[in-house]
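Counting begins at 1 with the first residue of the sequence. In listed order, ligands and their atoms are each counted from 1. Values below: every heavy atom of this structure, side chains too, minus hydrogens, waters and symmetry copies. Model, not experiment: these values are computed from the prediction.
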Amino acid sequence: MKSRAKDRSPISLRRQAEGQLQDKPPAGRLPQAKDTGRLVHELQVHQIELELKNEELLESQAETQAALKRYARLYDHAPVAYFTLDLLGNIRQHNRAGAGLLGEEDTNLVGKSFLQFVNDRDRSAFRGFLARIFARGAKASCELALTMPGKPQQDSFAQIEAVPDPSGQTVSAIALDITEKKRINEELIRSNQELQQFAYIAAHDLQTPLRSIGGFAQLLQRDYGNRLGTEADSWISQIVRYAERMQALINAVLGYARIDSQGASFEAVDLGRVCDEFLESAAATLAAEEATVTRSDLPTVVGDRLQLAQVLQNLIDNGIKYRGSEPPRVHLSARREDQEWVISVHDNGIGIAGKHHGQIFEIFQRLHSQHAYPGTGIGLAICRRIVQRHGGRIWLDSEPGQGSVFHFTLPDRSP
Ligand code: ADP
């Protein structure tokens, strides 16, 4: 807690000094002529004033030293690495975490070059990074691969953020060890790629035998239909139907596995136009379903045209497929929120209970039988994956019997 500041104004000091002099026993004062007496009095007052000032100086010096010690302790024991570096990358100051990050626990690295800990391939980038901070006088950050002396095969990674110091001679840098984060990230990417490849190969390899099953069943139907009895006819047509369904599921898995691996590069996509093109091509189906699809202004965003068209198409298709007793009505709208667009697809269909809102975005999760509403259960999983690939989110507002509104976001960025 802060102590109450003492009043050290000249008037107050004078008053305090006079007071202290009054309190001194008269024995300390020699009898003097009137002028000399006043002079001596003044001198004594000044002396006391000086003593008071000195006392104050000592106090503030002690406070500064205590604050410095506190700061040094915090600096030294902070869990993040701190460095002060000069233009050449020499270490002028560092804390324990700094030494730890460079694999030199409890070692004084002052005077050593930071560059000797930077992996060869990142050295010139790091020199450029320092030069930029000094040249611009502004904060900058970079990612570096570090090499521990004596352990060249064990790379670690650091995220460095540095600001120029007021002297203009050094920079203060904070370095975070991101080795683990990078490792997990790379592992995730690798296992994700493996999974996609696995799904792709599995689905692809399943297609050949499935085609044969479907083909032979159709041959049976054509050549032996009405000759094996009604029960056999019904079994054969079931084989044909299931083979077709299996083919649809495999196609869906292939489509899902291709989203990341075979997505196109991003470009400016006019969602209004994409929507109109789809409605034009689907006009006959919409008329047959007595469906009305309308839209407000939709933005131009940056993304993969085909994939974004697929998201809109899947959501519109679902809005029509999961219809109630009324003719289906679907409306698309968009609004800007912070740095992103929120696109919403409203329908007047059967709606979905809140407890299923998360589940339906999972692959193969369906709420209805094939008989009631046909489908593969992958459409929304595809939508979610595409939206995530674009840096957005997808969710819905819905209640049974009240229709559904599916929303997804897309960052508002320039191409
Ligand atoms: P599919 O339509 O092929 O089953 P989706 O992944 O598109 O697969 O949808 C998953 C499930 O979510 C559907 O089976 C359905 O139960 C529910 N659903 C999706 N969209 C709607 C909607 N607009 N209205 C009501 N239910 C829906």
Note to self: Is Ser404 close enough to touch ligand 1? Criterion: a residue heavy atom under 4.0 Å from a ligand atom.
What the structure shows: yes

Note to self: If you measure every N or O of Ile350 against every N or O of ligand 1, does any of those distances drop under 3.5 Å?
What the structure shows: no

Next item on the list: Could you tell me the residue and atom name of the protein heavy atom closest to atom 27 (C) of ligand 1, and the distance to it rounded to 0.1 Å?
Entry: Ile352 CD1, 3.4 Å

Next item on the list: With the side chain counted from C-beta on, respond yes when Asp177 and Phe157 share a heavy-atom pair under 4.5 Å apart, and no when they do not.
Entry: no

Notebook entry, point to check: Which atoms of ligand 1 have any heavy atom of Gly375 under 4.0 Å away?
Noted result: 3 (O)

Margin query: Using 30° and 60° as the class boundaries, would you call the ring planes of Tyr200 and His204 parallel, tilted or perpendicular?
Written below: parallel

Next item on the list: Return a yes/no value for Pro374: is any of its N or O atoms, backbone included, closer than 3.5 angstrom to an N or O of ligand 1?
Entry: no

Next item on the list: Dump the intermediate steps for salt bridge (charged side-chain N to carboxylate O under 4.0 Å, His left out) on Arg190 and Glu186, then the final yes or no.
Entry: CA-CA 6 Å; Arg190 205 183 42 242; Glu186 275 164 16; over 6 Å; no

Notebook entry, point to check: What is the closest protein heavy atom to atom 9 (O) of ligand 1, and at what distance does it sit?
Noted result: Leu380 CD1, 3.6 Å

Check: Which is closest to atom 10 (C) of ligand 1 in terms of heavy atoms, Arg366, Gln370, Gln365, His368?
Finding: Gln365

Next item on the list: Could you tell me whether ligand 1 has any atom less than 4.0 Å away from a heavy atom of Lys321?
Entry: yes

Next item on the list: May I ask you to decide whether Glu362 forms a salt bridge with Arg384, counting only side-chain N to carboxylate O separations under 4.0 Å?
Entry: yes

Next item on the list: Give a yes or no on whether a salt bridge exists between Glu277 and Arg305, defined as a side-chain N under 4.0 angstrom from a carboxylate O.
Entry: no

Item checked: Sub-4.0 Å atoms of ligand 1 with respect to non-hydrogen atoms of Ile378 -> 6 (O), 8 (O)

Check: For atom 12 (O) of ligand 1, what is the nearest protein heavy atom, given as residue, atom name and distance?
Finding: Ile360 CG2, 3.3 Å

Notebook entry, point to check: By number and element, which atoms of ligand 1 are closer than 4.0 Å to a non-hydrogen atom of Leu367?
Noted result: 14 (O), 16 (O)

Note to self: Considering non-hydrogen atoms of the protein only, which is the closest contact for atom 23 (N) of ligand 1, and what is the distance?
What the structure shows: Asp347 OD2, 2.9 Å

Note to self: Looking at Arg273 and Asp276, is there a salt bridge between them, counting it only when a charged N and a carboxylate O are closer than 4.0 Å?
What the structure shows: no

Next item on the list: Considering the heavy atoms of Thr376, write down every atom of ligand 1 situated less than 4.0 Å from one of them.
Entry: 3 (O)

Check: Under 4.0 Å between a Lys/Arg side-chain N and an Asp/Glu carboxylate O for Lys53 and Glu49?
Finding: no

Check: Can you find a heavy atom in the side chain of Phe361 that is under 4.5 Å from one in the side chain of Val387?
Finding: no

Notebook entry, point to check: Any idea which protein heavy atom is nearest atom 8 (O) of ligand 1, and the distance to it?
Noted result: Gly377 CA, 3.2 Å

Notebook entry, point to check: Which of parallel (below 30°), tilted (30 to 60°) and perpendicular (above 60°) describes Tyr373 and Tyr322?
Noted result: tilted

Next item on the list: Tell me which protein heavy atom sits closest to atom 7 (O) of ligand 1, plus the residue, atom name and distance to 0.1 Å.
Entry: Asn318 ND2, 2.8 Å

Check: Charged N to carboxylate O under 4.0 angstrom, Glu180 versus Arg183?
Finding: yes

Notebook entry, point to check: With atoms numbered from 1 as shown, which atoms in ligand 1 lie under 4.0 angstrom from a non-hydrogen atom of Gly379?
Noted result: 5 (P), 6 (O), 7 (O), 8 (O)

Margin query: On a heavy-atom basis, I'd like to know which of Phe361, Tyr373, Tyr322 is closest to atom 22 (C) of ligand 1.
Written below: Tyr322

Next item on the list: Please tell me if the side chains of Phe266 and Leu308 come closer than 4.5 Å, counting only heavy atoms from C-beta onward.
Entry: no

